[in-house]
Each structure stands twice: as C-alpha cells, then as structure tokens.
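Notes follow the structure.
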Amino acid sequence: MKRVYGFNEGGKELIDILGGKGGNLAEMKRIGLPIPEGIIVSTTACKEFFRDGKKITSELEKEILEKLEYLQEVTGKKFEGNNPLLVSVRSGAPISMPGMMDTILNLGLNDVTAEKMSKIFNDEIFVHELYTRFIQMFSEIVMGIEKELFFSLKEKLFAERKGEPKIDTYKLVIKKSKELYKEKTGLNFPESAKEQLFMAVNAIFNSWENERAILYRKINGIDDSMGTAVVIQEMVFGNRNDKSGTGVAFSRNPSNGENELFGEYLLKAQGEDIVAGIRTPEPIARLHEQLPEIYDEFARLAKVLENHNKDMQDIEFTIEDGKLYLLQTRNGKRSPYAAVKIAVDMVHEGILSKEEAIMKVDPNVLPQLLHGNFDPEAVKKATLLGKGLPGSAGVAIGRVMFASERVETRALAILVREETSPEDIKGISQAQGIVTVKGGATSHGAVVARGMGKCCVTGCGEIQINDIKREMYINGHTVKEGDFISISGYTGEIFLGKVKLTEPKFDDNLKEFVSWCKEIKRLGVRMNADTPADAFLGKGFGAEGIGLCRTEHMFFQKEKIWTIRSMIMSTNPIEREEALKKMLDLQREDFYNIFKVVDGQIVIIRLLDPPLHEFLPKEEKDKEKMASILNLPLIEIERRIRNLKDENPMLGHRGCRLAVTYPEIYNTQARGVIEAALQCKREGINVKPEIMIPLIIGVGELKFIKQNITAEINKVFEEQGMSIEYKIGTMMETPRACLLADDIAKEAEFFSFGTNDLTQTTMGLSRDDSVKFIDDYHTHGIFKLEPFASIDVRGVGKLVKLGATLGREANPNLEIGICGEHGGDPKSIDFFEKTGLDYVSCSPFRVLVAIVAAAQSHIRNK
Ligand code: ADP
Ligand code: MG
Ligand code: MG
C-alpha cells in the first residue's frame, strides 16, 4: 500500500487519492507550470488514520520521511538545514470544500532556522514576522488555542515597546507566544521540524471531522468516508517585499461569464491576509499597472489551465520577489447565467465539443434564469424576517395577503396561508408567490406553485397568522396585510420590504445551448399544461406537446366551479344532464383554445381525476349559494356533501371509478375534446388529441370506459359528418396496472406513468402526510432521496420498468411516457432515459431543465 506521493507521481487522474488540490498541483507540474514543489499524504492514509483510532502510524511517518527526502532533493533545501526548508501543510479532499478544513503556513521554523533564514533573506524582520504567524496558526489548528490571544499579545507588546528595536520586540513576542502555548497545553512548543510536521498532518486529518466540514458535506451530499489528502508544499513568500504578493482569480468572470480575468490580489501579503479581511484587496486589473509582466504571465497561464482542464478555472497565486507561482487551480463555481455563457463560448472558441459543453451546466439551476434573483448586495442589507423551506425556485415581491379572495384585489400579492387547498388555486395563480406555515416542498401549495412557475416558501413554522387582525407575527416582527415582503424560493428566506432584483435572462446563449440539447437528446420533452397560458409558456421554453392536461384544473377558474358543483350535487338524471351540457360548453372552449396554442403537437387530455368532494363548497356562504342554485334546502346540500366525502380520498371514489358509476361524465368530456378537435380541423388547425383514463387498475375498467367514450365519439363523427384521428390510453399509477400492463396494453394506445400517485400507491404513503416524517427518514439515513421529488428507482422504478416492458411486448406501437413531478427532475430523467421511455412531461417552468437533463443523460448513457 502506498500512502505518500511526490508531485511527480501522478496528476488529476488520481484526484480520489491525492485530493483535488494535490491532484491538480501534480497535474500543473506535469504540464510544466511554475508551482512550488511538494508531496501529498493520500486519502488512503486518511482513511487508515480514522480506522486505526486517529493516530499517525509509524509506517506513515516512515513514508512521509522517505518522500521528504525527495522534496529536499528537488528544492535543494532541508528541514532545519543550512538552507532551511519551510512548508505549508494543506488540506484537500477529492471534492473541493472551500475553506472548510485547515492549512498551516511557514512550518519548519524554530529559533535556529529563523536565524539562518534571516541571513539568507537578509531581512530578519520579515523572517520573524513569518515565525509569529507560524506559531499562531500552528497553535490554533493543532492545539485549538484561539488565535486572538496571540494577536492581542503581539499588539500589546508592540504598543508597550514603541521606541525599542523592532526585532527585539519580535523575539519577545515569539518567546511569550511559546509561553502562552505551554500555559494552554502543558507542553513545550515543538522545535523539531519533523515533529511539527507530524503534528500538523495529524491535525489536518482531524479537520475532516470538524463541525463545519461535516455540515458542508451533509448539505452538499458529499460522502463522509472519502477523507482528505494533505499537501506538504515548499513555501513561497508573497509578503517578502514590494515585488511580492498573493491573490485569487478566475479565468473568466464567474458572475456574467465574460471572457476576462476576474479576481483580487494584495501586494506584500501572505495567502490568508486576503480571506481574513485584514486588508482590502485590489481588483486583479490593477496588477496590470503595478506589475505588468506578471499580469501578462498570469493571464497566459490562466488560459493554459483553462484549455488543459477545459473549464473556467479558479486559481490561487503568489508572487515572490517578481516571480509568479501558482498554488491551486480548480473548476470555478459560477452563476447559472455564466454557466451557460461559458459553455457556449467555449464551443465557439473550439475548447469544448457541443456534447462536452452540455455536460458542464447543472440543469437544476436553469429555472433561475427565467425568474431572476435577488441582488446579493441588496440581500446583505435586507431585514430577514425568517426562513421556511424552499418550495419552488424563484423570487417574489408583493404585499402580504392572508386570503385567496383578497389576492385578486391587489396587483402584487404574496399569499400567506396556514396551508393551501384546491380552493386557493385561483389565489395562487394571481399571487406573485406563496408562503405556507405548514407543509413541505412537496406539499400541494408547492406543487401547484412550481407548476405555475411561482415562487414558494413552505413550512415556515416561525409564522403565526392572526386572521382576525389580518396580521402575522414572525421572530418579533409584526407584518400587516398589505405590507410588502420579498421571498426566495431558492433559500426559503423571507425579507421585509422590497429587495432589489437582478434581470431575468433568456438570451441568445441560452437559446443556442438549448438548441444543441434538442439536437442531441433522445427523450421527448412535453409539458403539463392545463390552460392556454401554460401551454404558450411551455411551448416558448421548448416543450414538444402536452403530456398532461388536467381537465379538473379548468374547473377551478372563475364561475366554472358552479357548473361542476351542480353536476356533482344533482341526484336525478335531468338535473345532471342540464349541468353536463353546461360543462360541455365550457370544456369544448378550453380544449379548442389549448389546441390552437400547440398547433400540430400532441395533446394528452386526462379525464376527471380527483374525488368529487374536492369540488364541493366548504364555506357557509358557498353552501348557501349552492342551495339557491339547485333550489334545495341548505340541510339537503349538507347531507349530499357528507355522502360524497370519502373516508380515504386518495383511494376513494375518484378517477376512472367515477366513470364506472357515472359514465356520462367521461362521455361528456370526450365529446368536448372531439368537438373542439373537429372545429380546429375545420379551421385548418392541426390537432392530435389523445384521451387519457386515470387510475386504471386493470383492463376491465378500461374496456368498459373505452366502449362508452368510443360510442360517444362515433356519435359526434356522425352528427358532424367528419372524423379525426385520436388515441385512447391510460395513466399508469397503481401497482396492479403495472403488474398487468400486458393486458392493459392490448386495449391502450399509450401509457403515461403518473409517478406521483404511483409513488403513493407503491409505497403506501400519502404525499401530503409524508411531510410529517420524511425528514426523520433522512436524518436516520433511511431515505437518501426524497421519493416524491426524485423517483425511487429500486422500488417504484422497478414497476415502471416492468410496466413498460410488459406493455411493449403486448403492443409494440405503445407510446410510453411519464407525467409526474419526476418528469422535471434530472436524476429521475436519467432513469427514464435508461428505461427507454419515449418522453417525459413536466411543468412549463421545468421544460428547460428536462431538455438539458435529457441531453446529458443521453450523452452519459450512449
Ligand atoms: P484553502 O483550501 O482554505 O483555500 P489553502 O491550502 O489553499 O487553503 O491555503 C490557503 C492559502 O495559503 C493559499 O491560498 C495560499 O495563498 C497560501 N499558501 C498555501 N500554501 C502555500 C505555499 N506553499 N506557499 C505560499 N502560500 C501558500
Ligand atoms: Mg485554497
Ligand atoms: Mg393520479
């Protein structure tokens, strides 16, 4: 087993073992860039360290000393030698965790080496400044002594001894610092360079398990068992003289993607001076004036690195006495806007192929480009009221409104509700954004908000709403209805007042990028759209048809709700007939308008799905209105409402089960679809209607319903003397349907996996209730992913695969897609690509995400 490597023994292919910092340093050496020499203690050694009780073994010590020989040879310097070797001891995991772990500089100094170096550099003040810094860093990182104690000691001694020779004071500071170390630890400060080194490596390994590193890994989903490597590198001194300095720069602007150097530096400074914020750094452009040759050289090397790594680079550098050294490089983090611009530019510059460029952009961040975001400077100054869960990406600014009906009265409203119900749909559709006190990121409010591209913050338990006073209390603030707040669906933050926005950008770069993805992907990407406005939006984002049009959502608009309410509440066929006729007129118009928008593309229309009681009036005044419409006593209305209520609505009288009881509902809807399609045909609009039956559990239901609606459709053809092509297919959202998919496929022309309900029915979990316990599942590591956001590949995915396979075997022409929330989730899309589905369908605002994710998945799995 090999535990320690020289910079000459590998490169970035060994990042798992050498860490990102070490692997990239070795790579830079390999391509001849100016970096100080070094050696790397591998992650293998780190894993061993934790396995063997957090002790550095004698084998590891031996290997470090062997490699140290190499370092001493190539540098011509020696630990405690006549030309003393000083090193930095730096942490560096395989995945970059900026600033999460520790680094010690100037290691190797003691009273003897300090004297020797003072002579070599001919500057004893400089060397003793290094020495004080070393003691302070070492004491903090290895022994956990607060560095402030050392700072104030130094400050005090220099203040007291103003007239004295500086070097004497430095020496006193060093002596007193070592005494402080002894006082705090009971040990002498280690004078031996080797001892210092072993203690430092030990401390860096331990920093893998410090609190902030653990938290960072948790938030970013980084494997805890990976371990960190330790880079031991010859020091170069940015604080040596006026022709020295240190800085950090990106090879392109990480905020707007411009192809220009972007960064900061300080002359006469050591690395940590910039981050510590003791001195304000200069923008990198000024280096062009101060040290023009160094600037040009750095700009050239930044390009070399960019071309070599085929990505924008984030580079740390140090200048010592007019010579430039690179100390670190990694692929730079960037804004979504910059990510797209850089990917597109790099293709035009010949650095990346289109396929490589597509892989560079995280699809999850793309919706931000469509919403804009808060200006980071403005956020710093804003008053943070509180924080909920990020429910739907985006930002919103508006006046707090506590009731849906009052949202209509204000142009800019943010609906704040205890929780949302289907009756809030209208309020949600008119609000800028939504905040709920209860419910998680998969709650109804969040799902609907996401579907509408609305920003949403859910589960903000810090809020207390007082409906009577029309105000809310949050962390000591009182916010009245009508007051402005700003909410972020990216972070869950809620601010007081209006926070300044950045511009949304769907520009030429994004268009070009998306066009490449469309060229390359295999999976179709459709949208879930219930209204012409949704359809228009999604088509603009690149959707290829409608994979799910939910007819019930149409009824929540305006006065339509009363039509369906009358239909549901009617108890005799004449009443029902009357209501259905009205419903037909409304639906025909809705379908016609949607067909017109997507001209030529497929539209899959799902017939009525939810339990009927969801449509019923809940408020007293609505019940009274119902009573007057139907000309019935209120008590009778209340009785009928009670009768319609399911004990377990998710598994109750809904979907195709309604059509078994009341065939006329689906017949009327099918008639609406076909009449609208025929009208389009007459007007020269190209329509491809597909009718989808929800919640099927076997072929029997499908046969019965299909017979009914086909008969109705044939009647329409006869009445109008013309016909049109259409398809009838099923949602696949129960385990039984998946198990018997071969039977069903004989009667169905297409399948669409409704993975929201399929997840609920397969797991036996109600999505709305799961918010109460899903966090605990994550805390205890039972679930890695959220099953309603990212498909449970092992369980639910198995049914999808089985259903698709059985279906295709029985009916080779079967078209198969999915239309759950998972259709807009990149991880799930990867699974659907591998499973060979024909398309995914998702909300209009996720269409971009799905297009890019589908292209990436195709490239990855090719
Ligand atoms: P982080 O991972 O927190 O960025 P680093 O290991 O990169 O920590 O160290 C922080 C800073 O210390 C570097 O940016 C650099 O300026 C300085 N530094 C590290 N190693 C050396 C070295 N060998 N010579 C000079 N400066 C160094
Ligand atoms: Mg660094
Ligand atoms: Mg369903």
Side-chain angles (χ1 to χ4, degrees), residues 21 24-25 27-38 75 86 88 105-106 120-123 125-127 129-130 233-334 338 341-342 345-346 348-351:
K21 200 176 280 168
N24 279 312
L25 280 164
E27 186 74 18
M28 287 197 276
K29 176 175 168 62
R30 180 188 270 168
I31 62 172
L33 301 188
I35 58 155
E37 274 286 354
T75 56
L86 299 196
S88 62
L105 303 182
N106 312 326
I120 293 169
F121 282 96
N122 194 21
D123 188 344
I125 298 288
F126 160 63
V127 172
E129 168 66 23
L130 295 182
Q233 187 177 28
E234 181 194 7
M235 283 300 299
V236 287
F237 303 105
N239 52 343
R240 182 164 164 189
N241 55 30
D242 294 336
K243 277 166 67 194
S244 306
T246 184
V248 183
F250 292 81
S251 60
R252 299 186 190 221
N253 186 314
S255 168
N256 62 22
E258 288 301 327
N259 192 354
E260 65 193 11
L261 281 183
F262 177 95
E264 294 173 329
Y265 75 103
L266 267 176
L267 286 189
K268 215 171 175 193
Q270 242 191 343
E272 75 272 27
D273 295 350
I274 286 196
V275 273
I278 306 165
R279 288 165 56 193
T280 315
E282 304 270 0
I284 192 86
R286 270 221 58 184
L287 188 63
H288 195 41
E289 296 153 32
Q290 289 190 315
L291 298 169
E293 278 148 42
I294 296 283
Y295 178 89
D296 290 345
E297 175 67 356
F298 180 73
R300 188 182 71 79
L301 295 180
K303 281 293 155 207
V304 169
L305 276 174
E306 210 184 70
N307 283 309
H308 185 73
N309 290 328
K310 294 181 156 214
D311 206 338
M312 185 260 268
Q313 298 295 294
D314 168 355
I315 306 163
E316 294 176 2
F317 64 93
T318 283
I319 308 154
E320 180 181 332
D321 195 23
K323 180 159 174 24
L324 174 68
Y325 297 91
L326 303 183
L327 288 179
Q328 187 174 341
T329 195
R330 60 183 165 218
N331 296 342
K333 298 237 187 297
R334 64 208 76 180
K341 176 165 168 55
I342 290 170
D345 284 351
M346 285 190 164
H348 292 304
E349 292 162 24
I351 298 171

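Quick note: residue numbers are just sequence positions, from 1.
Residues Met28 and His308 have side chains not in contact (no heavy-atom distance under 4.5 Å, counting atoms from C-beta outward). Side-chain contact between His288 and Asp296 is present, with heavy atoms from C-beta onward closer than 4.5 Å.
Of the inter-residue distances, the one linking Ile342 atom CD1 with Ile351 atom CD1 reads 10.5 Å to the nearest 0.5 angstrom. With rounding to the nearest 0.5 angstrom, the CD1 atom of Ile319 is 10.5 Å from the CG atom of Asn241. Taking CG from Leu86 and CD from Glu234, the interatomic distance works out to 9.0 Å, rounded to the nearest 0.5 Å. Atoms CG and CZ, from Asn253 and Arg334 in turn, are 11.5 Å apart once rounded to the nearest 0.5 Å.
When all heavy atoms of Ser88 and Leu105 are compared, the pair lying nearest together is CB-CD2, 3.6 Å. The two atoms that bring Arg252 and Phe262 nearest to each other are O-CB, 4.2 Å, heavy atoms only. Shown here for Leu130 and Asn106, the closest heavy-atom pair between the two residues is O-ND2, 3.5 Å. Among all heavy-atom pairs drawn from Thr75 and Glu37, the shortest one is CG2-CB, 4.0 Å. Taking all atoms of both residues into account, the shortest heavy-atom contact from Glu306 to Ser251 is OE2-OG, 2.6 Å. Residue Ala285 comes nearest to Tyr295 through the heavy atom pair CA-CE1, 4.3 Å, listed as atom of the first residue, atom of the second, then distance.
A donor-acceptor pair is defined here as one N or O able to donate and one able to accept, closer than 3.5 Å; such a pair exists between the side chain of Asn24 and the backbone of Thr329. In terms of modelled atom types and a separation under 3.5 Å, the side chain of Gln313 and the main chain of Asp311 share a donor-acceptor contact. Counting only distance, with no hydrogens or angles, the side chain of Tyr265 and the backbone of Leu287 share a donor-acceptor pair below 3.5 Å. Looking only at distances, no side-chain donor or acceptor of Thr318 sits under 3.5 Å from a matching main-chain atom of Leu324. At distances below 3.5 Å, not a single donor-acceptor pair connects side-chain atoms of Glu320 with backbone N or O atoms of Arg240.
Under the ring pair (Phe, Tyr, Trp, His ring centres under 6.0 Å) criterion, Phe126 pairs with Phe121, Phe237, sequence neighbours left out. For Lys341, the salt bridge (charged side-chain N to carboxylate O under 4.0 Å, His left out) criterion is met by Asp345, not counting sequence neighbours.
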TODO: May I have the step-by-step check of side-chain contact (heavy atoms from CB on, under 4.5 Å) for Leu327 and Gln233, ending in yes or no?
DONE: CA-CA 9 Å; Leu327 288 179; Gln233 187 177 28; 4.0 Å; yes

- [ ] Could you give me the CA-CA distance, side-chain angles and deciding distance for Glu349 and Asn259, then say whether side-chain contact (heavy atoms from CB on, under 4.5 Å) is met?
- [x] CA-CA 11 Å; Glu349 292 162 24; Asn259 192 354; 3.3 Å; yes

- [ ] Please step through side-chain contact (heavy atoms from CB on, under 4.5 Å) for the pair Glu316 and Lys21, ending with a clear verdict.
- [x] CA-CA 11 Å; Glu316 294 176 2; Lys21 200 176 280 168; 5.7 Å; no

TODO: List the steps, then state whether side-chain contact (heavy atoms from CB on, under 4.5 Å) holds for Leu326 with Leu305.
DONE: CA-CA 11 Å; Leu326 303 183; Leu305 276 174; 3.9 Å; yes

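Counting non-hydrogen atoms of other residues, nucleotides and ligands closer than 6.0 Å to NZ of Lys243 gives a total of 12 or fewer.
Between Asp314 and the choices Lys333, Gln328, Arg330, the side chain to side chain donor-acceptor pair (under 3.5 Å) rule is met once, by Arg330.
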